[in-house]
Amino acid sequence: NRSSDLPDAADIFEVAKKATSFCPLSSVWWKCLEFADSYSRKAKIADEAVECLVQQQVDGDDCEIKSHQIIDLVIYRAQLNLIANRVEAAGEVFKSCLGSPKGGSPLGGCVCALDLGLLWLCYIHVIAFECLPGFLFDPLDQNPGKLVSKETRFVFERNDVKKEREEQIISLFEGRSI
């Protein structure tokens with residue numbers, strides 16, 4: 001039987017996971033995420049990828065690329081939680097990456113100001129609407145995936161914001177604790 005000669009999904013995942021240690025590029029991490037078969041595996045891989053990218057040293061134009069790769073994975077991680085109906089956990093993903101307005105971001109100098117701003121806006125959107133802004137992703141793909149646009153086109157209608165979240169959102173804009 002020829003199909004028995006083919007590796008199964010678990011074998012392919014293990015090879016992709018091993019590849020991240022030899023070639024820790026964003027594209028390799030995304031391949032590994034593609035082959036991960038469960039929420040917990042995907043979440044763990046996304047966290048490891050962010051940690052790995054934060055530790056990598058880059059200069060010049062590579063800083064913007066690295067910044068994009070990091071926020072892409074952070075937003076993916078939040079997406080996973082939202083798809084699993086874990087809204088609070090999605091907020092915690094952003095909260096852990098953003099830190100406090102006074103204390104700075106744990107991502108340090110790895111994320112450029114515009115990308116950090118996008119993470120803040122995504123966090124506020126998750127608090128207000130319990131979802132991420134739709135324009136960030138491919139509308140034809142219902143699975144968590146890479147960003148297709150970072151163009152900020154946020155329109156917050158006060159009537160659409162959940163009342164219990166309104167004070168929390170206002171406190172974020174005022175720089176109070178998150």
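FYI, the numbering just counts along the sequence from 1. For the numbers below, each heavy atom of this structure counts, side chains included, while hydrogens, waters and symmetry mates do not. It should be emphasised that the depicted structure is a prediction, and the values quoted were computed from it without experimental measurement.
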Find out if a path of hydrophobic residues (ILVMFWY) with successive side-chain heavy-atom gaps under 4.5 Å connects Leu147 to Ile70. yes
Grab the two heavy atoms, one from Val126 and one from Val87, that are nearest each other, plus how far apart they are. CG1-O, 4.2 Å
For Cys122 and Phe94, work out which heavy atoms get closest and say how close. CB-CZ, 3.6 Å
Between CH2 of Trp29 and CG of Leu53, what distance do you get to the nearest 0.5 Å? 8.0 Å
Run the side-chain hydrogen bond (donor to acceptor under 3.5 Å, both in side chains) test against Ser67 and tell me which residues pass, sequence neighbours left out. Asp115
4.5 Å side-chain heavy-atom contact, Val50 and Val54: yes
Within residues 135-147 or reaching into it, pairs that qualify as salt bridge (Lys or Arg N to Asp or Glu O under 4.0 Å) - sequence neighbours excluded: none
Please check if atom CD in Glu14 has more than 12 non-hydrogen atoms from other residues, nucleotides or ligands closer than 6.0 Å. yes
Verify same cluster id: Phe135, Leu132 (apolar side-chain graph, 4.5 Å): yes
Please test Asp37 against Phe13 for side-chain contact (heavy atoms from CB on, under 4.5 Å), starting from the C-alpha separation and ending with a verdict. CA-CA 8 Å; Asp37 61 355; Phe13 171 77; over 6 Å; no
Pairs touching residues 35-55 that satisfy ring pair (Phe, Tyr, Trp, His ring centres under 6.0 Å), sequence neighbours left out: none
Could you pull out the closest heavy-atom pair between Tyr76 and Ala46, with the gap in Å? CD2-CB, 4.0 Å
Quick one: pull up CD1 in Ile75 and CG in Leu82 and give me the separation to the nearest 0.5 Å. 11.0 Å
Should we say atom CG of Leu114 is surrounded by more than 12 heavy atoms from elsewhere, each under 6.0 Å from it? no
Quick test of your reading: applying salt bridge (Lys or Arg N to Asp or Glu O under 4.0 Å), list the pairs with at least one residue in residues 17-26, sequence neighbours left out, ordered by first then second residue. Lys17-Glu48
I need the full list of salt bridge (Lys or Arg N to Asp or Glu O under 4.0 Å) pairs touching residues 76-86, with sequence neighbours left out, sorted by first then second residue. Asp47-Arg77
Would Ile45 end up clustered with Leu25 when hydrophobic side chains under 4.5 Å apart are linked, directly or stepwise? no
How long is the straight-line distance from NZ of Lys42 back to SG of Cys32, given to the nearest 0.5 Å? 9.5 Å
Keeping the roles fixed (side chain from Gln56, backbone from Pro24), state whether a donor-acceptor pair exists under 3.5 Å. yes
Do you know the tightest heavy-atom contact between Val93 and Asn81? CG2-ND2, 3.4 Å
Does Ile71 form a side-chain contact (heavy atoms from CB on, under 4.5 Å) with Leu116? I'd like the steps, not just the answer. CA-CA 8 Å; Ile71 71 156; Leu116 195 58; over 6 Å; no
Heavy atoms only: give me the nearest Pro144-Gln79 pair and the separation to one decimal. CA-NE2, 3.5 Å
Do Leu118 and Leu136 come within less than 4.5 Å of each other through their side chains, counting heavy atoms only? yes
Could you state the interatomic distance from CG (Leu121) to NZ (Lys150), rounded to the nearest 0.5 Å? 13.0 Å
Search all heavy atoms of Cys110 against all heavy atoms of Lys66 and return the closest pair with its distance. SG-NZ, 3.8 Å
Applying salt bridge (charged side-chain N to carboxylate O under 4.0 Å, His left out) to Glu92 and not counting sequence neighbours gives Lys95
Could you give me the CA-CA distance, side-chain angles and deciding distance for Asp62 and Ile65, then say whether side-chain contact (heavy atoms from CB on, under 4.5 Å) is met? CA-CA 5 Å; Asp62 290 340; Ile65 294 168; 4.0 Å; yes
